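Throughout, a chain's letter reflects where its sequence line sits, starting with A, and its residues are numbered from 1. What you see is a predicted model, and the numbers here were worked out from it, not measured in a lab.
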Amino acid sequence: MLQQTQVDRVVPKYKQFLKKYPTLKALAAARVRDVIRIWYPLGYNIRPRRLHAIARESVAQYGGTLPNDEATLRSFKGIGAYTAGAVLSFAFGRRAAILDTNVARVMYRVFVGAGDPRSHALRRHLWKLSEGLLPRRHVFDFNQGLMDFGATVCTARRPQCRPCPLAHICRTGPIDGRLAGQRKK
DNA sequence: CTCCTGTGTG
DNA sequence: CACACTGGAG
C-alpha cells in the first residue's frame with residue numbers, strides 16, 4: 001500500500017484492509033474483485049491484484065507466510081528491491097538495506113549533492129550508500145529511523161536543516177526555510 | 001506543477 | 001534508460 005503512496009492516506013485503509021483480511025490465507029480466499037474494491041481510492045490498482053496473487057502463492061507454496069529470503073521475495077510480481085528489503089528488515093529482522101523515496105533523498109542530499117537524484121545510475125550508488133551505512137544490529141530501528149528522518153527532517157519540500165544533526169557534513173548545504181523549492185531568480 | 005515508505009515493462 | 005500506473009495533497 002505504501003508504494004508511492006503517502007502514509008497518512010494508507011493508515012486508515014490499512015486498518016480497514018487488515019480487519020477484513022487478517023491473514024494471507026484470508027486474503028487468498030477472497031475474490032480479487034472485492035480486494036480491488038476495498039483498495040479504492042489508494043490508486044495503482046495493479047497492486048491489489050498483485051497482493052492478492054502474492055497471498056495465494058504464499059498459501060499454495062510457502063505455508064501461508066512470506067518467504068524470508070530476497071530471491072524468493074523478488075520472484076513475486078509487485079515486490080521489488082525496496083519492498084524486499086522492507087519485508088526482510090521489518091518483518092524478519094534480517095540485515096537488509098532499503099532505499100525508498102525518503103532514504104534516496106537523504107543519501108543524495110547528504111552524500112552526493114549533485115546530479116539528477118532520479119537517474120538509475122545514481123540510484124545504484126544510493127543503494128550502495130544505504131547498504132554501507134547498515135549497522136550490524138538494530139537494523140529495524142536503523143532503517144525505520146532513516147526513513148522517518150527523510151519523512152520528517154530531510155523532507156522533499158521544506159527540509160528542516162536548522163535542527164538537522166547532519167547539516168555540518170551535508171553535501172547539499174542548508175536549504176531550509178522559505179528558500180526551499182524557490183527558483184534562483 | 002511536484003511529491004508520495006515503487007514496480008514492471010519496453 | 002524512460003515511462004505508465006492511480007489518486008490525493010501541497
_Both atom distances under 3.5 Å, Watson-Crick or G-U wobble: I'd like the secondary structure of DNA chain B as a dot-bracket string, with | for pairs made across strands._
||||.|||||
*Between C:dC3 and B:dT5, how far apart are the P atoms? Round to whole Å, please.*
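Going atom to atom, P in each nucleotide, I get 24 Å.
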*Whole-Å C1' distance, C:dT6 and B:dT2*: 16 Å
Using distance only, find each side-chain donor-acceptor pair of residues 121-136 of chain A under 3.5 Å and give its atom names and separation, not counting sequence neighbours.
from   : atom 1 : to    : atom 2 : distance (Å)
A:S130 : OG     : A:I98 : O      : 2.6

Nearest-angstrom distance from the residue atom [atom1] of [X] to [atom2] of [N]:
{"X": "A:D8", "N": "B:dC3", "atom1": "CG", "atom2": "P", "answer": "18 Å"}
{"X": "A:I98", "N": "B:dC4", "atom1": "CD1", "atom2": "C1'", "answer": "15 Å"}
{"X": "A:L51", "N": "B:dG6", "atom1": "CG", "atom2": "P", "answer": "16 Å"}
{"X": "A:R123", "N": "B:dG6", "atom1": "CZ", "atom2": "C1'", "answer": "8 Å"}
{"X": "A:R124", "N": "B:dG6", "atom1": "CZ", "atom2": "C1'", "answer": "18 Å"}
{"X": "A:N102", "N": "B:dC4", "atom1": "CG", "atom2": "P", "answer": "6 Å"}
{"X": "A:F90", "N": "B:dT5", "atom1": "CZ", "atom2": "C1'", "answer": "8 Å"}
{"X": "A:Y14", "N": "B:dC4", "atom1": "OH", "atom2": "C1'", "answer": "19 Å"}

*Determine the contact category for A:F149: base if any of its heavy atoms lies under 4.0 Å from a base atom, sugar-phosphate if only primed atoms, P, OP1 or OP2 are that close, otherwise nothing.*
nothing
*Please work out if A:A81 contacts a base, only the sugar-phosphate, or nothing of the nucleic acid, heavy-atom cut-off 4.0 Å.*
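Answer is sugar-phosphate: A:A81 comes under 4.0 Å of backbone atoms only.
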*Will you find, in the side chains of A:K19 and A:Q16, an N or O donor that is under 3.5 Å from an N or O acceptor?*
no
*Can you name the residues that form a side-chain contact (heavy atoms from CB on, under 4.5 Å) with A:Q4, not counting sequence neighbours?*
A:Y44
Hey, is the side chain of [X] poking within less than 4.0 Å of OP1 or OP2 on [N], counting only N and O atoms?
{"X": "A:T101", "N": "B:dC4", "value": "yes"}
{"X": "A:R105", "N": "B:dC4", "value": "yes"}
{"X": "A:T83", "N": "B:dT5", "value": "no"}

*Which residue lies more 5' along DNA chain B, comparing A:D100 with A:R50 via nearest heavy atoms*: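 Residue closer to the 5' terminus by nearest nucleotide: A:D100.
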_Can you give me the closest heavy-atom contact between A:P165 and A:F149, atom names plus distance?_
CD-CE1, 4.0 Å
*For A:D69, all residues meeting salt bridge (Lys or Arg N to Asp or Glu O under 4.0 Å), sequence neighbours excluded*: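 Partners of A:D69 under the salt bridge (Lys or Arg N to Asp or Glu O under 4.0 Å) test: none.
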*Step by step, would you call A:L99 with A:Y82 a side-chain contact (heavy atoms from CB on, under 4.5 Å)?*
CA-CA 6 Å; A:L99 190 82; A:Y82 162 70; 6.0 Å; no
*Quick check: does any side chain N or O of A:Q61 sit under 3.5 Å from a backbone N or O of A:V59, one acting as donor and the other as acceptor?*
no
*nucleotides 4-10 of chain C: protein proximity per nucleotide (B base, S sugar-phosphate only, - neither; heavy atom, under 4.0 Å)*: -BBBB-B
*Should we say atom NZ of A:K25 is surrounded by more than 12 heavy atoms from elsewhere, each under 6.0 Å from it?*
no
*Going through the checks in order, is the side-chain contact (heavy atoms from CB on, under 4.5 Å) test met by A:L24 and A:Y62?*
CA-CA 11 Å; A:L24 287 174; A:Y62 306 103; over 6 Å; no
*asked:* Going by the rule ring pair (Phe, Tyr, Trp, His ring centres under 6.0 Å), which residues pair with A:Y40 if we only count those two or more places apart in sequence or in a different chain?
replied: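 In terms of ring pair (Phe, Tyr, Trp, His ring centres under 6.0 Å), with neighbours along the sequence ignored, A:Y40 is linked to no residue.
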